[in-house]
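Data block below; observations after.
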Amino acid sequence: MNMVAEQPWLWAGLGAYLVATLVAMWGVSPRSENSLLVVNKTHEKLVLGFIVLGVLLLTAAIAARWVRIGHGPWISLFELLMSQMWSLGLIFAVLYWKLPGLRPSTVIVLPVMWILGSWVLLLEPDISHFPATYYNVWKWSHVGVGKVFLALLLAGVGLGGVMILRTTERGKVWFRAMPSDAVIDKLAWRLMMLALVFDSLMLIAGAVWAQDAWGRYWAWDSLETSAFLTWIFLAIGLHVRLTYKIKPWVSGAIIIGIFIMAFSTYFGVPYLSPSAHKGMV
Amino acid sequence: MLRHLASLKFTLVGMVLLAGGATLSYGNPADVSVWVLIVPLALLALNLAAAIITNPRINRQPGLLVFHVCLLATVLLAGLGRLTHLDAHLEIAQNEAFSKDILQEVRKGPWHSGNLDKVQFVQGAYTVDYAPGLKRGLTHSQVFLPGVGGATVMQDVGDDRPLILERYRFYTTHNKGFAPILTWLPDQGEPITGRINMPAYPLYDYKQDNSWIPPGTKEEIKFWLQLQTGMTLDKPWVLDGRNASGTLVVTSGGKRVELKPGDEVSLAHGRLRFENLTTWMGYRVFYDPTIQWLFWVTVVGVFGLTHFFWVKLNLVPWLDEGNERRGGKA
């Protein structure tokens, strides 16, 4: 296999994420409880540092590919996965920095990102064709707000996972340093509300782009339908929480369900359905 | 009554029904009724209207009120859009003037009342860029519009740059090709000049054929166009009808003749002259007077939601254990 320009940067970026994952796991382990690094919370700085390093290396990978093929990471699954690894890392790093309470949930968030990281390593970095309709400026806003949306959901998944794992003895030990379930639940649903804002913006920008690109703003193609279902599921989740008094683990399960729907919209439907965005090319 | 209608449980039922309707609408299947969407949307609209009036959680919080009012307006505007819309396709040849009579596959709402009669343009030449592997790139289609004092104004349209006239939006499509212009000189009667649109090119490069039966006869004339366009698979290529030439193979009554532009052939009931080769462009036509309103209403709605969220964010700290002990829910 011939190595292309972006691959060394990609591998190095994923390597940095791997180190961040391992340090985060070591940090929640009861064996490291008395370690000075953990007592002083220096391990959290290390985790943040390696995530940021990963983001910088992935920035270089995206730039190298952009220069090599002449367009940004918009088209192939390889490009989309690489670009999502970058944006998820970047936005999670900001949340990690600003919200110390969610930091131990990194042991759930980074392994979820590793699904994408492992996947991208299995794909060939072939040159993709840039369709005429992708010159449209609305693509930038559609993709940009979509990235924020998915990253907020991912952070919510970390907190949802904590609420579920805390029903086990081991989970209670791992996440002993985090606030109570009630506080985590509140924070998780705030992230979900912010996600709803960005999901709505993504649908609006996508509709404007679709109108320009394919002459209709909505056509119930498989990708549009799946994105709409994700929006509805998110709205249902928010209203369920308002209507019923639900247990934290149920709350966590609902958030994870919404994320699975969003994940399949991003990485499943466009590449599995032959009819996704029919007019694309 | 209004309070029951505004119930959050009713909202959840409506949302689940809408999710079901959206799932059934996947891929726009022809055998699924539009009512699977209309019924849950109508239920949710009623529920939402009742909630806006009676629920203080909504009507006493400006951001949330704006969001829900805009959500209701979005549903109503989308409905109005379907009642007034027009969707159609057309194939127009170079130098041909637009007429509403050339619209095909017209689908329109019962309240459609646009000024299609006032739409005027003449189709010009077009070019389409292709990357190696015959992957379609940018389309540049020239259209000529009436200008001031009888002059014409050229406009370049294509892909995501539609021609917009009288709120009708004309989008170029992948459907475009070549058309021989022919004159039929019957043994008896007046000559007729017209064109035969060949299948889309280069999609159907391998079958550029069509047929025609001259009026007053029963004899079918078959046409096969041999094109020279310079198309290459391994290098970038630009489809430009002005650089193309073609030989028209005419078959009728056991006779087979190859014609170049200007040539003619005698057939059973008259003579056929191949005048020249031209191109045609396929457009998608879209009309919906609500789209700008829809855009602004949805943007304002999201702005309302953001405002609500921002207020919440500033009132209650994100990680406040004390607030939870006091029973706060944000």
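Below, chain A is the first sequence line, B the second, and so on; all start at residue 1. All values reported here derive from a predicted model rather than from experimental measurement.
- At a threshold of 4.5 Å between non-hydrogen side-chain atoms, the residues B/F308 and A/M193 count as touching.
- In this structure, the portion of B/L71 lying under 4.5 Å from any heavy atom of chain A is its side chain and not its backbone.
- Qualifying ring pair (Phe, Tyr, Trp, His ring centres under 6.0 Å) partners for A/F259, counting only residues two or more places apart in sequence or in other chains: A/F263.
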Next on the checklist: Evaluate A/D212 against B/R169 for side-chain contact (heavy atoms from CB on, under 4.5 Å), listing each step before the verdict.
Outcome noted: CA-CA 10 Å; A/D212 280 350; B/R169 303 164 79 93; 3.8 Å; yes
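- For A/L229, the part sitting under 4.5 Å from any heavy atom of chain B is the side chain, from C-beta outward, and nothing else.
- We find the OH-CG distance between B/Y26 and A/L223 to be 7.5 Å, quoted to the nearest 0.5 Å.
- Between B/P29 and A/W220, the closest side-chain pair of non-hydrogen atoms is not below 4.5 Å.
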Next on the checklist: Does A/F228 form a side-chain contact (heavy atoms from CB on, under 4.5 Å) with B/L18? I'd like the steps, not just the answer.
Outcome noted: CA-CA 10 Å; A/F228 181 69; B/L18 182 58; 3.8 Å; yes
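- Closest non-hydrogen pair, A/F233 versus B/A19, comes out as CE1-CB, 4.1 Å.
- Of all the listed residues (B/L37, B/D129, B/T172), the one sharing the greatest number of non-hydrogen pairs under 4.5 Å with chain A is B/L37.
- In terms of modelled atom types and a separation under 3.5 Å, the side chain of A/R190 and the main chain of B/K312 share a donor-acceptor contact.
- Only the side chain of B/D288 has a heavy atom closer than 4.5 Å to any heavy atom of chain A.
- No part of A/W218 comes within reach of chain B, as not one of its non-hydrogen atoms sits under 4.5 angstrom from that chain.
- Counting non-hydrogen atoms of neighbouring residues, nucleotides and ligands closer than 6.0 angstrom, the CZ atom of A/R176 exceeds 12 such neighbours.
- Contacts between A/V208 and chain B at a heavy-atom distance below 4.5 Å involve the side chain alone, from C-beta outward.
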Show me, pair by pair, the donor-acceptor contacts under 3.5 angstrom made by side chains of residues 81-90 of chain B, not counting sequence neighbours?
{"from": "B/R82", "atom 1": "NH2", "to": "B/H85", "atom 2": "NE2", "distance (Å)": "3.3"}
{"from": "B/T84", "atom 1": "OG1", "to": "B/L80", "atom 2": "O", "distance (Å)": "2.9"}
{"from": "B/T84", "atom 1": "OG1", "to": "B/G81", "atom 2": "O", "distance (Å)": "3.4"}
{"from": "B/H85", "atom 1": "ND1", "to": "B/R82", "atom 2": "O", "distance (Å)": "2.9"}
{"from": "B/H85", "atom 1": "ND1", "to": "B/G109", "atom 2": "N", "distance (Å)": "3.4"}
{"from": "B/D87", "atom 1": "OD1", "to": "B/R284", "atom 2": "NH2", "distance (Å)": "3.4"}

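- Of the two parts of B/L138, the backbone and the side chain both hold a non-hydrogen atom closer than 4.5 Å to a non-hydrogen atom of chain A.
- Using non-hydrogen atoms only and a strict 4.5 Å limit, the part of residues 158-165 of chain B facing chain A consists of B/D159, B/D160.
- Across B/F286 and A/G215, no two heavy atoms sit closer than the pair CD1-O, 3.2 Å.
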I'd like a table of donor-acceptor pairs (distance under 3.5 Å, sequence neighbours excluded) in which one partner is a side-chain atom from residues 297-304 of chain B, with atom names and distances.
{"from": "B/T298", "atom 1": "OG1", "to": "B/L294", "atom 2": "O", "distance (Å)": "2.8"}
{"from": "B/T298", "atom 1": "OG1", "to": "B/F295", "atom 2": "O", "distance (Å)": "2.8"}

Checklist entry - When you look at A/T225 and B/T23, which way does the side-chain contact (heavy atoms from CB on, under 4.5 Å) test go after all the steps? => result CA-CA 7 Å; A/T225 311; B/T23 308; 5.9 Å; no
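- In this structure, the side chain of A/H239 does not engage the main chain of B/K9 through any donor-acceptor pair within 3.5 Å.
- Donor-acceptor pairing under 3.5 Å is recorded for the side chains of A/Q211 and B/Y171.
- Residues B/G137 and A/A132 share a closest heavy-atom pair of O-CB, 3.2 Å.
- Neither the backbone nor the side chain of A/W209 comes within less than 4.5 Å of any heavy atom in chain B.
- For a residue to count as touching a neighbouring chain, one of its non-hydrogen atoms must lie under 4.5 Å from one of that chain's; by this rule A/Y135 touches chain B with backbone and side chain alike.
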